[in-house]
Every structure is written in C-alpha cells, then in structure tokens.
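Here's the structure, in structure tokens; my notes come after.
The first residue of the sequence shown is numbered 1, and numbering continues consecutively from there. Counting convention: from 1, in listed order, for ligands and their atoms alike.
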Amino acid sequence: MAQLNLPSPIQTVTFENHTFYLKRDDLIHPDFSGNKARKFHYFLTHDFPHINKIVSYGSAQSNAMYSLSVLAKMKGWQFEYYVDHIADYLKENPQGNYKEAIENNTVFKVNSEELRVKSDNVLFIEEGGRQSEAEYGIKLLAEEILDWQKENNIKELNVFLPSGTGTTALYLQKSFSIIHHPSSIKVFTTPCVGDSDYLKKQFTMLEADENYHPTILSLPKKHHFGKLYRENYEIWLKLQQQTGIVFDLLYDPLGWRTLLAHSELLCKPLLYIHQGGLLGNESMLLRYMRKFPHISSE
Ligand SMILES: *Cc1c(COP(=O)(O)O)cnc(C)c1O
C-alpha cells in the first residue's frame with residue numbers, strides 16, 4: 001500500500017532576493033503528483049469493496065490521469081480514461097504521464113459516447129479530481145500548515161498556489177476558515193486554465209459561500225494553458241538555478257510570475273505550495289528546448 005511522506009516538509013528558499021517558505025508536496029509520493037495525492041487521499045485511505053473500476057476523463061497528458069492509473073493499480077481496479085483525441089505524435093512517441101498510464105494498463109477511450117455509464121461498481125472521477133471527496137485530503141494539508149504555523153510562532157501567513165480546477169485552493173481556504181474563524185491564513189491563487197471568471201465559477205460549483213473562496217490574482221496578459229511562453233521557461237530555469245528545486249512547467253511558472261508581480265503579498269510571511277507534477281515536464285521541456293534553443297540553463 002502507498003506509503004505517503006506526511007506531513008510533507010516545509011523549507012525556506014530565496015528567489016529574486018525574497019525569502020519564501022516552500023511546502024514540498026512534490027515529495028509526498030514518487031508515483032503521485034503531490035497535488036493529486038492530496039485530492040485522492042480519501043480514495044487511497046478508504047476501502048471500497050464494491051468498486052472494481054475507475055472511470056475518468058480529460059487530456060491525454062494530465063497529471064490526474066496518471067495518478068488515477070496508480071490508484072487503480074494499487075487497489076487492483078481497472079481504469080478507463082476518456083479523451084477527445086490523442087495526438088499522433090504522442091501515440092507514436094509515448095512519454096510522460098501518457099506513457100506511464102499505459103504501463104499501468106489504462107484503457108483509453110477516444111471520442112466515445114458511453115462516458116457516463118452508471119454502475120455500482122464504477123468509481124467516477126471528475127476531470128482533474130474536481131469533486132467533494134478532495135476536501136478530505138486538502139483539510140489534512142491545511143492542518144499540517146496550521147501545526148507548522150503554531151510551532152514557528154507565525155502570527156499571520158499568506159499562502160500561494162497556482163490553480164487548474166481550483167479545487168485545492170478552494171478547499172484549502174475553506175479548511176483554514178472553518179478551523180479558525182477569522183482565519184490568520186489567507187490563500188491566494190492564479191488561474192492557469194481559463195481566466196479569473198472561469199476559476200470563480202469552478203469555486204462556486206464546489207462551494208456556494210464566497211467567504212470560503214480564495215483570493216484570485218492574475219497578470220494583465222492572457223495566458224493559454226499548455227502553450228509555450230519564453231517568460232515561463234526563463235523563470236522556470238531561474239527557479240532551478242536559485243533554489244536548486246525543480247518545479248513543474250505547466251502551473252508553477254505562471255504561479256511564480258504572478259506572485260512576484262504582487263509584492264504586496266510579501267509584507268507577511270509567504271508559503272508557496274509545490275504541488276509536484278514533474279512527470280509532465282518531460283514532454284514540455286523537449287518542446288521548450290526545441291522552441292528556444294538559445295536559452296539554456298548554463
Ligand atoms: C493538478 C495540478 C494543479 C492544479 O490543481 P487544482 O486543484 O486543479 O487547481 C497544480 N499543479 C500541479 C502540479 C498539478 O498536478
């Protein structure tokens with residue numbers, strides 16, 4: 001069974017002459033993206049005697065897909081994953097999350113109609129793990145942070161993490177607010193998929209009470225998920241040079257750029273959550289090296 005490295009460690013890093021605390025959720029488990037270990041914690045630690053299959057959907061390179069393939073393997077379940085399409089290049093050169101999911105016997109269904117088959121034996125997981133069971137593991141994350149805050153006598157704290165579905169940021173702020181009201185911890189996030197309105201809608205789907213919503217920050221320029229940006233590549237390389245830590249290439253570059261552009265957050269101690277996702281870097285890094293051959297880590 002999965003041995004999770006919890007509580008995940010918190011360390012200090014210096015980046016661009018600012019000091020940050022860094023929550024290393026990337027170190028929770030070698031086979032889960034840190035963030036997905038939190039979101040799927042409930043399924044990892046409970047028994048589901050009647051279930052024999054997971055069904056989910058999303059992109060063919062998703063971190064959630066890979067983590068679900070690991071979960072299915074651990075539980076001895078089948079895993080069926082629905083995608084709109086799989087790029088020819090990826091099919092011919094399997095890599096990253098897709099490659100590992102295939103090795104875990106994921107059954108891919110491309111462009112298929114039969115997705116929402118209801119069956120008592122099927123555990124249905126929303127795209128990216130956006131569902132209420134995620135609250136369980138994210139509340140544990142909140143408790144780890146509160147314990148650490150108390151141990152270190154930190155009065156007020158800002159927490160920052162980049163969002164996809166927004167599930168993690170939402171349940172984190174909600175947990176802080178429920179445990180201590182008013183909370184001495186404020187959660188900030190930025191949308192990496194879609195814009196602020198999209199993220200706000202995602203929050204509302206999971207939690208109608210806006211008092212529990214995190215604060216959304218963004219950069220003035222529109223950002224497209226999965227697209228290559230010179231600024232993203234540059235900050236990712238800089239992070240590695242200055243902190244010695246590898247971050248993910250999809251969410252973290254925009255996260256750090258947004259954070260540095262909002263220096264008012266740094267008037268309080270700031271904790272950044274490293275949510276893992278490094279398996280997905282393989283294909284992104286090859287694309288970046290091809291597009292910007294003159295930018296290098298030297
Ligand atoms: C899934 C993921 C996210 C986004 O998490 P949400 O809860 O969907 O907002 C961010 N970073 C990494 C590395 C992820 O794998």
* Output, in order, the C-alpha distance, side-chain angles, deciding distance and verdict of side-chain contact (heavy atoms from CB on, under 4.5 Å) for Q131 and K39. => CA-CA 9 Å; Q131 57 195 73; K39 279 157 113 171; over 6 Å; no

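- Ring pair F160/W256: centre-to-centre distance not below 6.0 Å.
- The T167 neighbourhood of ligand 1 comprises atoms 7 (O), 9 (O), with distances under 4.0 Å to a heavy atom of that residue.
- For atom 4 (C) of ligand 1, the closest non-hydrogen atom of the protein is G164 N, 3.4 Å.
- Ring centroid separation for the pair H224 and Y229 does not come in under the 6.0 Å cut-off.
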* **salt bridge (charged side-chain N to carboxylate O under 4.0 Å, His left out) assessment of R38 paired with D25** => CA-CA 9 Å; R38 298 289 186 187; D25 269 11; 2.8 Å; yes

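- The shortest heavy-atom distance from K39 to ligand 1 is under 4.0 Å.
- Pairing each heavy atom of G164 with each of Y251, the nearest pair is CA-CE2, 3.7 Å.
- Within ligand 1, the atoms closer than 4.0 Å to a non-hydrogen atom of G276 are 13 (C), numbered from 1 in the order shown.
- Separation of the Y42 and F40 ring centroids does not fall under the 6.0 Å cut-off.
- For ligand 1, the atoms closer than 4.0 angstrom to any heavy atom of N35 are 1 (C), 2 (C), 5 (O), 7 (O).
- You'll find the ring centres of Y98 and F108 inside the 6.0 Å limit.
- The closest heavy-atom contact to atom 3 (C) of ligand 1, among the options F32, Y251, Y171, comes from Y251.
- The closest approach between any non-hydrogen atom of A169 and ligand 1 is not below 4.0 Å.
- Here's the thing with D248: none of its N/O atoms is less than 3.5 angstrom from an N/O atom of ligand 1.
- Within the listing of ligand 1, atoms 5 (O), 6 (P), 7 (O) sit less than 4.0 angstrom from a heavy atom of T168.
- Counting heavy atoms closer than 4.0 Å to ligand 1, residue T165 contributes atoms from both its backbone and its side chain.
- Of the polar atoms of G166, at least one N or O is found under 3.5 Å from an N or O of ligand 1, judged by distance alone.
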